[in-house]
Protein chains: 2
Amino acid sequence: MKHVTIIDVAKALNCSISTVSRAFNDKYDIRPETREKILKVAEDMGYSPNPIARKLKQKCSYNIGVVVPEFLNPFFPEVIIGIQDVFLKKGYQILIMQSNECYQTELENLQTLVDNFVDGIILSLSQESKNSNFLQKLIEKGYPLVLFNRVNESLAVPKVVFDDYKWSFFATEHLIQQGLTKLIHLAGPNHINLSNSRAQGFMDAHRKHKIPVSNKNIIETGFLVVDGERVVAKLISENMLPEGFVCVNDPTAMGAMKALKHHGIKIPKDVAVIGFSETPMAELIDPPLSSVKQPTYQMGEVAAELLLKQIESNMFNIPETVVLSGSLSVRESSVKR
Amino acid sequence: MKHVTIIDVAKALNCSISTVSRAFNDKYDIRPETREKILKVAEDMGYSPNPIARKLKQKCSYNIGVVVPEFLNPFFPEVIIGIQDVFLKKGYQILIMQSNECYQTELENLQTLVDNFVDGIILSLSQESKNSNFLQKLIEKGYPLVLFNRVNESLAVPKVVFDDYKWSFFATEHLIQQGLTKLIHLAGPNHINLSNSRAQGFMDAHRKHKIPVSNKNIIETGFLVVDGERVVAKLISENMLPEGFVCVNDPTAMGAMKALKHHGIKIPKDVAVIGFSETPMAELIDPPLSSVKQPTYQMGEVAAELLLKQIESNMFNIPETVVLSGSLSVRESSVKR
DNA sequence: TTTTTTTCCGGAAACGTTTCCGAAAATCGA
DNA sequence: TCGATTTTCGGAAACGTTTCCGGAAAAAAA
């Protein structure tokens, strides 16, 4: 599609392109009357500065890449909104990619963003992420990168995480304080940091209350509805149900509930269920699901600000980790009467 | 961040930049041995062609704008995945914007995309969209644009829609065929096409079965969970509950269910509920929600292909409308035993 | 009135590619 | 061996901005 250019505007006004450019950008070095005239004629002609030429000259793409494991559940979209609100104000565009919880797709997404010369990347690792070679190479090149939520501790890069340990501890304690002692943690994939932190919180809550607990109380499950459903169905078939489930996230909790209800097991009367990374649906399902609520919008804002700081400083900084806190929404699914 | 350029590679090889360019792009007009050597040295040097310079020369941004009303519910993210899969294969990047169901935000999103010289836009209107002046101006300029799902019939532009009328008819008929005659349609905003089509399907299903029906059976509600909840709470307080609700979408249906359950009204025993635009949660809530399922991924693919055709043809084409069909998932929420 | 200073504008280089056109070298045929 | 043809490569313009530097005109000061 043909665009009106600065050359067209200059010719129409019988002035130079640098004069037109100063009219659009300068706050000085142009006579006010000349500036008004240029802006008016440019608007009448439908001129709008070509961002591609500007970016070439300024050596900056004004694009930010955001890679999330998935965006069908509202958690990551809520974070993305926080990221967008910060960057759009600064004139950046956001390229959103989702990895469908697949490591290979995550790598392709990262490569695509790098090939497009994005100015920085904000990434949450997919369920299958194991190898950080690619990320390590980006970091070594000085590529601006921020990790959030699902991070890899070994990478020297700014991070925004949640206090998974603490809130998993509290969620577990909430059940223990109601007299439940036989609990199972439906954990996330073992190589993901937040899975381990949440599992650790689960264990330490038991230890604090001197309740026997072992690695058998932790079952590596996954992050998806089908994962929770599968594992709980298996436990039911083996007649090994606990008094309560502490789940790594809401989709897994919902899957657990689905399997329990399918077998006529009452929640929370027979088995209590508590989730994590609260979804808006937590309130709507029956019974309403207790869950740890995370400040997703703020997580996005903080991640964006960390990346902006990295882009603008153009210097090596000691990467910081921001740890966010949350709350526990107690609903029917975990309250024994 | 400093990038290796084609000039650096040419100097290292003591050849010209046009030779390096031909090595990366040509399939002819370069000696094969020269080409291999250039590609190897370029890789060793970490050279990657600068997409910004390429875009300036080719007068194409390779960016596509996608504007959706919201992306916290999985419907629009599922469509976006279809769009992305088509465009990423063709070397395009997708800029995803969400309007938070707000017309003003939608306009700002569109303006931002236009200012960034995107090559085309795929848009679904927000709940508040009323005025199409901005879109009409884009169309008049020949700007490639495709509307999907929530469209404005008066705009001469390619569209991808669903057979809302037909499936609303079938959903209503499903309840009527179980002997329900007192039904209410929780409708979307009146100025949105699919709201009217779904309302019309609801009416005509009654007429087919010669059941009295009037405009009082249609209540303009909205698209959100809180909308359904508010309207049904009001009906309960006025003691004006129907035998069944046919809802404009799943969030509204879930809100309706929430209000009914809050007042101890049993679903579907006392009041049946049926939704539309099936969300994965439909199966998880209690009772599982009947809903009209739409082919979201296909909707994205078709929208992307229509836009690609428009971008590549560079000619005026008579805009086509693709109408997709779906299915009705019958679950407990609408089955009277 | 003259000299000095300031303001405003224009010209051109630069950003990093693509691609066209011409020249030099290589190849082929007589 | 020479002329004709083909192949391969280099130089430079172009894409549309930004920005630097210099010059002309205007304004101010002596």
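Every chain is numbered from 1 and lettered A, B, ... according to where its sequence line falls, protein lines coming before strand lines.
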Sequence neighbours excluded and cut-off under 3.5 Å, please list the side-chain donor-acceptor pairs for residues 82-97 of chain B, or say none.
unit_1, atom_1, unit_2, atom_2, d
B:Gln84, NE2, A:Ile96, O, 2.7
B:Asp85, OD2, B:Tyr297, OH, 2.5
B:Lys89, NZ, B:Asp85, O, 3.4

Please tabulate, for the side chains in residues 66-80 of chain B, all donor-acceptor contacts under 3.5 angstrom to protein atoms that are two or more places apart in sequence or on a different chain.
unit_1, atom_1, unit_2, atom_2, d
B:Glu70, OE1, B:Leu72, N, 2.8
B:Glu70, OE1, B:Asn73, N, 3.0
B:Glu70, OE2, B:Asn73, ND2, 3.4
B:Glu78, OE1, B:Thr296, OG1, 2.7

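Partners of A:Phe134 according to the ring pair (Phe, Tyr, Trp, His ring centres under 6.0 Å) rule, which considers only residues two or more places apart in sequence or in another chain, do not exist here. Listed by chain and residue number, nothing satisfies the ring pair (Phe, Tyr, Trp, His ring centres under 6.0 Å) test with A:Tyr103 (two or more places apart in sequence, or in another chain).
In the region residues 38-58 of chain A, proximity to DNA chain C at under 4.0 angstrom, judged on heavy atoms, holds for A:Leu56, A:Lys57.
Looking at which nucleotide of DNA chain D each of B:Arg31 and A:Arg22 is closest to, the 5′-most match is held by B:Arg31. Along DNA chain C, the nucleotide nearest A:Thr19 and the nucleotide nearest B:Phe24 are compared for position; the residue whose nucleotide lies closer to the 5' end is A:Thr19.
B:Ser18 comes within 4.0 angstrom of a base, heavy atoms only.
Using a 4.0 Å cutoff to heavy atoms of chain B, the contacted part of DNA chain D runs 5' to 3' from D:dT8 to D:dG16.
Remark: side-chain polar atoms of A:Ser99 are not paired, donor with acceptor, to backbone N or O of A:Cys102 under 3.5 angstrom. At distances below 3.5 Å, at least one donor-acceptor pair connects side-chain atoms of A:Gln98 with backbone N or O atoms of A:Asn100.
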Query raised in the report: Should A:Ser48 and B:Asp115 be marked as a side-chain contact (heavy atoms from CB on, under 4.5 Å) after you check the CA-CA gap, both sets of side-chain angles, and the distance that decides it?
Result: CA-CA 7 Å; A:Ser48 164; B:Asp115 287 346; 4.0 Å; yes

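The residues A:Arg150 and A:Glu101 are annotated as salt-bridged, a charged nitrogen and a carboxylate oxygen being separated by less than 4.0 angstrom.
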